[in-house]
Amino acid sequence: MLAALRQDPKDPTADYIEEIRMIADICHDLPGSLDSRRWRTDIPPFLYIWLTASAEKRSWLRKQWTRMGYDFGDLEKRPGGGSWELKDVFPKLKTRDTDQHA
């Protein structure tokens with residue numbers, strides 16, 4: 001999975017380095033997600049991490065959370081149905097799409 005990201009395709013230890021980088025990138029946002037004084041209480045704690053994660057990161061997160069017994073179903077679908085979007089985390093966030101339509 002991570003072989004495509006290797007800086008040196010002939011170095012098999014590079015997979016470990018890339019996995020460490022991926023885990024570090026995921027963990028970078030954990031303090032804000034786990035802080036009990038989070039500014040949003042109406043969204044799941046790991047939503048921002050989930051929405052910004054690549055397919056590889058989501059796969060890693062699923063494995064870890066399943067192993068720990070953490071129910072992450074609220075990240076994959078809203079409790080009332082439908083999918084979460086980044087604007088649910090940051091309602092005032094302007095993206096290229098919203099800038100063009102505003």
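Note that the structure is predicted; figures quoted are calculated from it, not measured.
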Task: Contacts of I23 that satisfy side chain to side chain contact (heavy atoms under 4.5 Å, CB included) - sequence neighbours left out - done: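 If we apply the side chain to side chain contact (heavy atoms under 4.5 Å, CB included) test to I23, skipping adjacent residues, the hits are E19, C27, W60.
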
Looking at [atom1] of [X] and [atom2] of [Y], how far apart are the two atoms once the value is rounded to the nearest 0.5 Å?
X: K87; Y: L51; atom1: NZ; atom2: CG; value: 12.0 Å
X: R78; Y: S83; atom1: CZ; atom2: OG; value: 8.5 Å
X: E18; Y: E56; atom1: CD; atom2: CD; value: 11.0 Å

Task: Smallest separation among heavy atoms of T52 and L86, with atom names - done: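 Looking at all heavy atoms of both residues, the shortest contact is CG2-CD1, 4.1 Å.
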
Open item on the list: Just so I know, are the side chains of F46 and L61 near enough to count as touching, which here means a heavy-atom distance under 4.5 Å?
Closed with: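 No, too far: nothing below the 4.5 Å cut-off.
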
Open item on the list: Test of understanding: clusters of I, L, V, M, F, W, Y form through side-chain heavy atoms closer than 4.5 Å, transitively. Do M22 and I17 belong to the same one?
Closed with: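 No; tracing contacts between hydrophobic side chains, which count when under 4.5 Å, never links both residues.
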
Output side-chain donor-acceptor pairs under 3.5 Å for residues 64-75, partner residues at least two apart or in another chain, one line each.
unit_1: Q64; atom_1: OE1; unit_2: R67; atom_2: NH2; d: 2.9
unit_1: T66; atom_1: OG1; unit_2: R62; atom_2: O; d: 2.7
unit_1: D71; atom_1: OD1; unit_2: G73; atom_2: N; d: 3.0

